[in-house]
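Scroll down for the structure; my scribbles are underneath it.
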Amino acid sequence: MIDVQIFSSFSDVLNYLETKRDNLLKALEVKVENNDVLNAVDGSFGELSETYRDEIEDIISDINSMLKKIRTSNDYIGIIILVEENGSPSRIYMIPGDLI
Amino acid sequence: MMQYTMLLPFIAIFTALFIIGVTRLPLAFTGLVMAAIAIILGVASFIYRPAMPYLGLLIGVPVGYGFSFLMDKLGINNPLKLQSKQVPENNGKRRITRRKRRDHKSIYVSETTGHVTDARIFENFDEFLQSISMTPALNTVLEYIRKISIIKNELAQQQVLVYEVGKNQHEFIQLVDADSIDEVNDVIQRAIRDRVMVSNKINSILSNKETIKEIIGGRFMVIYIDGAPDKIIPLYYNQE
């Protein structure tokens with residue numbers, strides 16, 4: 001699943017990624033019992049895949065490695081497209097210009 | 001005393017065979033067992049002299065390792081190894097699937113199976129409703145496409161810089177070729193397609209919001225699958 005986030009500066013990207021990471025870390029602290037899970041669409045009882053913690057950990061480590069790289073060069077101003085593959089930041093496209 | 005010393009080589013051979021089976025166990029575990037055997041035998045041989053020949057077990061250890069190593073080198077299938085191999089498998093499985101998933105990750109391959117993409121904790125239902133009604137999820141997909149098309153037009157003339165995780169490049173790379181512009185186009189087109197599915201799901205959540213709100217109550221965690229809220233886990237005080 002591909003998602004795209006658009007930013008106008010790297011500090012916004014940093015904020016976005018750090019907030020997302022913090023949320024994920026908090027989510028990892030929660031112990032989920034399977035009888036607590038509801039489907040978001042209609043509120044019926046659901047099941048959570050066993051690998052969800054692994055997937056969250058994967059995303060966190062991808063965010064961390066992206067954050068490390070961004071911090072070294074965050075003075076760019078322009079259109080910044082952050083591409084997320086299955087929730088993990090995978091690449092950044094920087095396009096000179098302005099959306100507004 | 002004599003008959004015990006004659007037994008020694010046989011014991012060594014048996015130990016060697018035993019070790020062949022054990023080699024596939026985690027090394028630390030094997031080492032621990034060996035250390036325990038050595039200590040027990042050492043102590044026993046002092047207390048009870050006839051136990052001394054069993055120290056031959058210790059000779060068997062390096063012989064067994066060597067034998068097993070040779071079998072591996074020669075490509076001979078070791079029947080004893082296969083049985084004990086199952087022990088660390090469960091532990092390793094997670095890593096293997098994880099790596100597999102990473103290897104298959106590519107923006108050129110369309111994936112239809114669900115992946116956890118995010119997880120957030122909300123204090124109340126209204127906060128959650130606000131987050132899914134907010135940009136750009138519900139702020140109509142059209143608005144999003146409009147913005148994207150502006151970028152696409154920009155792209156037609158401008159250069160694109162690409163920066164990617166998982167590669168060893170620590171600098172932003174300047175790409176001016178048509179390929180990179182096509183790539184951005186492709187990625188954005190795919191994101192638009194995926195967003196439509198997300199907003200469909202959010203629409204059905206919104207149409208059921210009264211029912212869901214009643215069931216959930218206060219604090220809860222939302223697991224997002226493929227970008228859309230998929231599972232809700234009500235939180236109680238003892239869960240954190």
Side-chain angles (χ1 to χ4, degrees), chain A residues 1-6 19-20 23-24 26-33 36-44 46-49 51-59 62-63 65-66 68-70 72-73 76 78-79 81 83-99, chain B residues 94 97-98 101-102 105-107 111 114-121 147-148 150-151 154-155 158-166 170-172 183-184 187-188 190-191 193-195 198 201 204-205 208 211-212 214-216 221-224 226-235 239-240:
Chain A
M1 189 265 174
I2 298 286
D3 202 357
V4 164
Q5 311 286 343
I6 296 169
T19 313
K20 181 163 181 173
N23 287 335
L24 290 171
K26 268 184 219 155
L28 275 183
E29 286 170 19
V30 178
K31 286 187 188 69
V32 179
E33 310 261 330
D36 287 335
V37 181
L38 303 168
N39 289 318
V41 176
D42 53 7
S44 63
E47 266 182 26
L48 196 53
S49 80
T51 56
Y52 89 95
R53 297 183 78 89
D54 286 350
E55 295 188 47
I56 290 177
E57 280 168 16
D58 278 356
I59 297 172
D62 285 342
I63 289 177
S65 52
M66 184 56 99
K68 251 182 237 160
K69 293 190 172 181
I70 292 174
T72 57
S73 50
Y76 179 83
I79 303 165
I81 303 178
V83 182
E84 292 180 306
E85 292 179 51
N86 293 329
S88 291
S90 68
R91 47 179 80 189
I92 287 176
Y93 296 108
M94 300 189 302
I95 301 158
D98 201 336
L99 268 181
Chain B
R94 232 174 68 170
T97 50
R98 202 189 273 197
R101 189 170 79 79
R102 271 168 183 263
K105 263 180 144 186
S106 167
I107 49 173
E111 283 186 60
H115 283 290
V116 174
T117 54
D118 203 355
R120 279 183 68 182
I121 293 169
K147 276 188 184 170
I148 294 303
I150 294 168
I151 296 171
E154 290 272 335
L155 279 182
Q158 301 275 21
Q159 61 195 25
V160 185
L161 303 165
V162 179
Y163 189 47
E164 194 174 348
V165 149
H170 290 276
E171 298 288 320
F172 288 89
E183 186 182 312
V184 180
V187 169
I188 291 168
R190 281 221 38 213
R193 250 183 292 150
D194 289 347
R195 274 280 168 89
V198 170
K201 210 163 170 184
S204 51
I205 293 172
N208 286 323
T211 331
I212 302 166
E214 252 173 61
I215 301 167
I216 294 165
M221 177 166 83
V222 177
I223 306 275
Y224 293 75
D226 288 343
D230 192 82
K231 305 290 178 207
I232 293 177
I233 296 114
L235 297 181
Q239 271 181 293
E240 283 183 72

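In what follows, every chain begins at residue 1, and chains take the letters A, B, ... in the order their sequences are listed.
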Which is it for N23(A) and I121(B) under the side-chain contact (heavy atoms from CB on, under 4.5 Å) test, yes or no, and what are the steps along the way?
CA-CA 7 Å; N23(A) 287 335; I121(B) 293 169; over 6 Å; no
Which heavy atom in [X] sits nearest to a heavy atom in [Y], and how many Å separate them?
X       : Y       : result
P229(B) : A40(A)  : O-CB, 3.6 Å
T117(B) : N86(A)  : CG2-C, 3.4 Å
D226(B) : M1(A)   : O-CE, 3.3 Å
V4(A)   : R195(B) : O-NH2, 3.2 Å
I212(B) : V41(A)  : CD1-O, 3.6 Å

Between H115(B) and E55(A), is the side-chain contact (heavy atoms from CB on, under 4.5 Å) condition met? List the steps.
CA-CA 7 Å; H115(B) 283 290; E55(A) 295 188 47; 3.4 Å; yes
Any side-chain heavy-atom pair of L48(A) and I233(B) under 4.5 Å:
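SC-SC contact between L48(A) and I233(B) confirmed.
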Who wins among D118(B), I216(B), I215(B) for the most heavy-atom pairs under 4.5 Å with chain A?
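The answer is D118(B).
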Please walk me through it: do K231(B) and N39(A) pass side-chain contact (heavy atoms from CB on, under 4.5 Å)?
CA-CA 5 Å; K231(B) 305 290 178 207; N39(A) 289 318; 2.7 Å; yes
